[in-house]
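Written out below as structure tokens is the structure these notes cover.
Heavy-atom basis, side chains included; hydrogens, waters and symmetry copies ignored.
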There are 2 protein chains.
Amino acid sequence: MFQTAKQTKVFQDVVEQIQQAILDGRLKTGDILPAERELKAMFNISRGTLREALRVLEQKGLIEIKLGIGGGSVVKAVDTEQISESLGLLIRSQKVSLNHLAEFREDVEGIVAAHAAVRSTQGDIQKLKLLLDQAQTCVKQGSSQRNAFIEIDKQIHMRLADITGNPIYTSVLHSIHDNIHRYYDKFLSMENRELQENYQDLCDLIQAVENGNVDLARKIAQRHVKRFNQYMKKREREEKVPKV
Amino acid sequence: MFQTAKQTKVFQDVVEQIQQAILDGRLKTGDILPAERELKAMFNISRGTLREALRVLEQKGLIEIKLGIGGGSVVKAVDTEQISESLGLLIRSQKVSLNHLAEFREDVEGIVAAHAAVRSTQGDIQKLKLLLDQAQTCVKQGSSQRNAFIEIDKQIHMRLADITGNPIYTSVLHSIHDNIHRYYDKFLSMENRELQENYQDLCDLIQAVENGNVDLARKIAQRHVKRFNQYMKKREREEKVPKV
DNA sequence: TATTTTATAATGGTCTAACCATTATAACCA
DNA sequence: TGGTTATAATGGTTAGACCATTATAAAATA
């Protein structure tokens, strides 16, 4: 019936107050909080306690603490960095494997492609085709441009997520890419033939999106991601799995 | 070409070292770190600096700091709490709306149901049917048991996520539920008829999963979640949207 | 005058050394 | 035996000092 009464911890109260001010918009992105010695006086607490509160807010991604004169606690735009970090911890603590991440990515990219096929505008398609051109340039230069190709591939996927108009997809995809990236250097082998294959995938995918062909877009996106994953799993088997 | 050289901040180094020890298993869940006055000596730093580091680790979800004798910094099992919190911040900072969350949930629940239809064992189905029985009891008692029904509904969905065998689905669904929950009290209206409808959904869903009917399972799951969302949107329109 | 260098001062980062608050356990008393 | 009260270990907080970083202003130099 009753809940635990208020936390007596001073620093938590401070975290709460500043967080609330940021979330209500009383503090806006880019605003600079008063200097520590002023805040300490405003809250009537010691500087150590205040700093614990600021560190928590920093870790939550709500502020960024800058050094030197002109520095201070700057209010940040809330973004997906913390979600990525937490997902990263789950992976590194072996609660989540590469296979789990790969499967999830296949599903999410499929959904994203399906929504994009319904919602894309002509302008969206043009931007995607611009990226496709860049990808083609990489492919022509062969496997030396592997990393550049992967970067463009990522941009295309992120662009599709944006087209859905739902920022959760952008956030989730961002987190997945952040965390799968660490495996690329170790496990991803892509020779010219694979580059060519993947470039073709992307062409087909964007064509399907342009045509509004929902099911095809989903299917191609999933196949494309599956291909990436298979390259990695192959290498993973060959080299055994090291600690990340 | 070069990256920023090492951070000189002492507390970050401490965070790094303890985090690393936890992630590679040198510190296990339930282990208690030495007392602050010992740690301070081990790292050869001041207590204030150490405490900033511990606060960061606490916010990351890696340790829990307990008060009093027998207390201390206890290593926690990494879980999805931080992901939920970060998603919550995104929502509360109006980067993400209820509609975005609702759409994402429909998609994810669809995928989960589809995987479950392929992977469920007889034992899984039995457990699901046990939950169904409880749901039926609630429905029979009418809308007074609305909250109990919602709780069981949630358990069924979480159970399905577990059946996929991919902890990412469990984590993601957990985060969604944590964050959509705050809307229920405000927006979710469910009379007897709606309870009945939703109970039937769940029956059909579990039947489809048992039969291994992938597409049907996905479709029913999506329809079921969509229904929930529509109840909420209806109320949201009626009552206007307040700050959460 | 224009540019580089150097001092200045504001700000966060760290340290020391206390004392307060909480709580499991042990000692005590009825 | 069973409840109560001290004890001591541990985190929470305070105070005041000094160090490190850095944008800006002042000074030196070309």
Side-chain angles (χ1 to χ4, degrees), chain A residues 2-19 21-22 27-76, chain B residues 2-19 21-22 27-76:
Chain A
F2 297 113
Q3 298 185 0
T4 308
K6 71 155 188 174
Q7 297 284 2
T8 48
K9 287 183 204 160
V10 176
F11 84 90
Q12 285 182 335
D13 185 41
V14 175
V15 167
E16 208 60 45
Q17 287 193 51
I18 297 179
Q19 171 171 306
I22 293 173
L27 289 171
K28 294 188 180 56
T29 302
D31 284 357
I32 298 180
L33 299 188
E36 290 184 1
R37 288 156 179 91
E38 287 179 59
L39 277 175
K40 150 193 135 96
M42 292 167 66
F43 285 110
N44 192 31
I45 58 177
S46 74
R47 202 167 153 223
T49 301
L50 172 65
R51 284 176 60 80
E52 286 186 33
L54 293 178
R55 277 276 117 65
V56 169
L57 289 166
E58 182 185 51
Q59 183 57 35
K60 283 187 176 204
L62 293 172
I63 64 173
E64 187 179 348
I65 303 178
K66 287 183 183 170
L67 215 64
I69 195 174
S73 301
V74 186
V75 177
K76 268 182 53 170
Chain B
F2 296 113
Q3 297 187 359
T4 309
K6 72 154 188 174
Q7 298 284 3
T8 49
K9 288 183 204 159
V10 176
F11 84 90
Q12 285 182 335
D13 185 41
V14 174
V15 167
E16 207 62 43
Q17 285 194 52
I18 297 179
Q19 170 170 307
I22 293 174
L27 289 170
K28 295 189 180 58
T29 301
D31 284 358
I32 299 179
L33 299 188
E36 291 185 0
R37 287 155 180 91
E38 286 179 60
L39 276 176
K40 149 193 136 95
M42 291 167 67
F43 284 110
N44 192 32
I45 58 177
S46 76
R47 205 169 148 221
T49 301
L50 172 65
R51 283 175 60 80
E52 287 187 34
L54 293 178
R55 278 277 116 70
V56 169
L57 289 165
E58 182 185 51
Q59 184 56 36
K60 282 187 176 205
L62 291 172
I63 65 172
E64 187 180 347
I65 303 178
K66 287 184 182 169
L67 212 67
I69 194 172
S73 301
V74 186
V75 177
K76 269 181 54 170

Item checked: Heavy-atom pair with the smallest gap, counting every atom of A:Phe11 and A:Val56 -> CE1-CG2, 4.1 Å
Check: Does the pair A:Arg55/A:Glu52 count as a salt bridge with the N-to-O cut at 4.0 Å?
Finding: no
Next item on the list: Return the minimal non-hydrogen interatomic distance between A:Val14 and A:Ala53, and the atom names on each side.
Entry: CG1-CB, 3.7 Å
Checklist line | Gap between atoms CD1 and P, on B:Ile32 and C:dA24 respectively (whole Å) | finding: 12 Å
Next item on the list: Treat primed atoms plus P, OP1 and OP2 as sugar-phosphate and everything else as base, then score nucleotides 13-21 of chain C 5' to 3': B for base contact with protein heavy atoms under 4.0 Å, S for sugar-phosphate contact only, - for none.
Entry: BBBB-BB--
Listing time: all N or O pairs from protein to nucleotides 4-8 of chain C that are below 3.5 Å?
none

Item checked: Interatomic distance where CG belongs to B:Leu57 and C1' belongs to D:dG11 [whole Å] -> 16 Å
Check: For B:Ala41, which residues count as a side chain to side chain contact (heavy atoms under 4.5 Å, CB included) partner, sequence neighbours excluded?
Finding: none
Checklist line | Which atom of A:Ile65 lies closest to which atom of A:Ser73, heavy atoms considered | finding: CG1-OG, 4.0 Å
Notebook entry, point to check: Can you name the nearest heavy-atom pair linking B:Leu54 to B:Ile18, along with the distance?
Noted result: CD2-CD1, 4.4 Å
Next item on the list: For residues B:Met42 and B:Pro34, report the shortest heavy-atom separation together with the two atoms involved.
Entry: SD-CG, 3.9 Å
Checklist line | Ion pair check, A:Arg47 and A:Glu36, cut-off under 4.0 Å | finding: yes
Check: Quick one: B:Leu54 CG to D:dT10 P, roughly how many Å, whole number?
Finding: 14 Å
